Amino acid sequence: MSDNMQYREIRRKDRAMPTEKAYELLEKGEYGILSTIGENNQPYGTPLSYVVVDNNIYFHCAPKGQKLDNIAFESRVCFSIVGKTEPIYDKNFTTYFESVVVYGKAMEIVDNDKKFDILMKIAEKYLPAHMDKAKDDIDGSIARTLIYQISIEHITGKEKKKSREG
């Protein structure tokens, strides 16, 4: 990880999640939002499925699109996920929540063996009951599928939990 001085501190330190728990939540997360910036300085958020392997985030995509154009322009990205949420009324309106925000750099994985391994891990995460079909499906689509890695440079987690007396 790089120098954290370039990242703002969490304003509500009482809601800061320990780093280990943030990694745990990131690994268990179902979907995330990849935020990129393009040549026109327009931000772009893309919901996507992902997997975490060796402290890196991986996602798959088609070979063309705005997120890839943006990554080619600027490899620095932000990735966020939301875990459990529970909107409630307890003296006022609030929401119990957990979330993670990651900053890093995105790069394409071109090694076919690595691509295959990541696609298998994605299949295992999202469709574990169908792993018997994964190899053939991946073999049939790997040539037209891109894999990107986000190297995690900075991670923060936040949560608002029920108080013990509530």
Side-chain angles (χ1 to χ4, degrees), residues 1-4 6-7 10 15-38 43-86 96-159 161:
M1 292 199 195
S2 68
D3 180 21
N4 292 343
Q6 65 184 324
Y7 303 103
I10 292 177
R15 295 192 179 155
M17 184 184 289
T19 302
E20 300 78 29
K21 187 172 179 183
Y23 271 104
E24 211 174 280
L25 181 58
L26 177 65
E27 287 178 12
K28 291 179 183 175
E30 193 169 356
Y31 296 97
I33 305 293
L34 175 67
S35 299
T36 60
I37 191 85
Y44 182 65
T46 310
L48 46 81
S49 54
Y50 70 97
V51 67
V52 177
V53 179
D54 298 328
N55 294 321
N56 293 294
I57 300 166
Y58 294 91
F59 64 92
H60 70 294
C61 58
K64 292 183 180 182
Q66 184 172 348
K67 86 174 151 281
L68 299 184
D69 294 344
N70 288 2
I71 290 169
F73 171 73
E74 174 57 72
S75 65
R76 291 177 301 164
V77 299
C78 183
F79 186 79
S80 57
I81 64 124
V82 176
K84 290 184 252 165
T85 62
E86 183 183 351
Y96 299 130
F97 69 92
E98 53 187 11
S99 63
V100 173
V101 175
V102 171
Y103 293 93
K105 289 190 177 154
M107 62 175 245
E108 183 182 357
I109 301 298
V110 293
D111 177 81
N112 274 341
D113 291 337
K114 178 79 172 180
K115 285 174 63 172
F116 182 86
D117 290 344
I118 295 302
L119 288 167
M120 286 294 285
K121 289 183 186 315
I122 291 170
E124 187 176 356
K125 178 179 179 179
Y126 290 96
L127 291 166
H130 300 279
M131 291 306 293
D132 58 321
K133 298 173 186 79
K135 183 184 179 317
D136 288 342
D137 285 354
I138 291 168
D139 283 339
S141 66
I142 198 164
R144 63 182 185 277
T145 303
L146 300 186
I147 299 293
Y148 272 76
Q149 170 186 308
I150 301 169
S151 57
I152 298 173
E153 295 183 356
H154 184 73
I155 183 170
T156 58
K158 261 176 99 170
E159 61 187 338
K161 303 183 283 189

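A quick note: this is a predicted structure, and the numbers were derived from the prediction, not measured.
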Go through the structure and list residues passing side-chain hydrogen bond (donor to acceptor under 3.5 Å, both in side chains) with [X], not counting sequence neighbours.
X: K105; answer: none
X: Y103; answer: none
X: D137; answer: none

By side-chain contact (heavy atoms from CB on, under 4.5 Å) - contacts of D111 (at least two apart):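 By the side-chain contact (heavy atoms from CB on, under 4.5 Å) rule, D111 matches D113, K114.
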Non-neighbouring partners of K28 that pass salt bridge (charged side-chain N to carboxylate O under 4.0 Å, His left out), sequence neighbours left out: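 Salt bridge (charged side-chain N to carboxylate O under 4.0 Å, His left out) list for K28, sorted by chain: E24.
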Are any non-hydrogen side-chain atoms of [X] and [Y] less than 4.5 angstrom apart?
X: V53; Y: D117; value: no
X: Y50; Y: I81; value: yes
X: C61; Y: L68; value: yes
X: I109; Y: M107; value: yes
X: M120; Y: M131; value: yes
X: I57; Y: L34; value: no

Within residues 119-129 or reaching into it, pairs that qualify as salt bridge (charged side-chain N to carboxylate O under 4.0 Å, His left out) - sequence neighbours excluded: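 Output for this query is empty, none listed.
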Residue pairs passing the side chain to side chain donor-acceptor pair (under 3.5 Å) test where at least one lies in residues 59-83, sequence neighbours excluded: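 Side chain to side chain donor-acceptor pair (under 3.5 Å) check on residues 59-83 returns T36-N70, E74-R76.
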From Y58 atom OH to L119 atom CG, the distance as rounded to the nearest 0.5 Å: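 These two atoms lie 12.0 Å from each other.
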From CD1 (I155) to OG1 (T19), nearest 0.5 Å: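 Nearest 0.5 Å value for the CD1-OG1 distance: 7.5 Å.
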Under-4.0 Å salt bridge between K21 and E98: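 Judged by the 4.0 Å cut-off on N to carboxylate O distance, K21 and E98 do not form a salt bridge.
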Pairs where residues 108-153 contributes a residue and the test ring-ring contact (aromatic ring centres under 6.0 Å, His included) is met, not counting sequence neighbours: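 For residues 108-153, and leaving out neighbouring residues, the ring-ring contact (aromatic ring centres under 6.0 Å, His included) pairs sorted by first residue read Y31-Y126, F59-Y148.
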